[in-house]
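These notes concern the structure reproduced below.
Just so we're clear, the structure is a prediction, and the values are computed from it rather than from any experiment.
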Amino acid sequence: MLEVSRSGYYRWIAGAQARAARQADEDALVEEIREIHTEHLGNYRALRAQPADPCE
């Protein structure tokens with residue numbers, strides 16, 4: 001026996017849908033972050049401005 005109260009078990013079961021929804025939201029966010037990262041060629045920040053002539 002797991003020694004879990006009946007009310008605790010049913011509360012955990014009731015929260016399963018909310019946990020699944022949060023996980024789906026997180027998965028979508030991770031996918032969006034990966035797409036943006038790929039669009040920007042793996043750069044995490046803005047590229048530094050470079051002078052037109054490197055000797056200047």
- Message: My understanding is that only residues two or more places apart in sequence, or in another chain, count here; which of them pass ring pair (Phe, Tyr, Trp, His ring centres under 6.0 Å) with His37?
- Response: Tyr44
Which donor-acceptor pairs under 3.5 Å do side chains of residues 10-29 form with protein atoms, sequence neighbours excluded?
unit_1: Arg19; atom_1: NH1; unit_2: Trp12; atom_2: O; d: 3.4
unit_1: Arg19; atom_1: NH2; unit_2: Trp12; atom_2: O; d: 3.0
unit_1: Gln23; atom_1: NE2; unit_2: Asp27; atom_2: OD1; d: 2.9

- Query: Can you tell me if CD on Glu32 sees more than 12 non-hydrogen neighbours from other groups inside 6.0 Å?
  - Reply: no
- Query: Residues sharing Val30's hydrophobic cluster, by side-chain heavy-atom contacts under 4.5 Å among ILVMFWY, directly or via others?
  - Reply: none
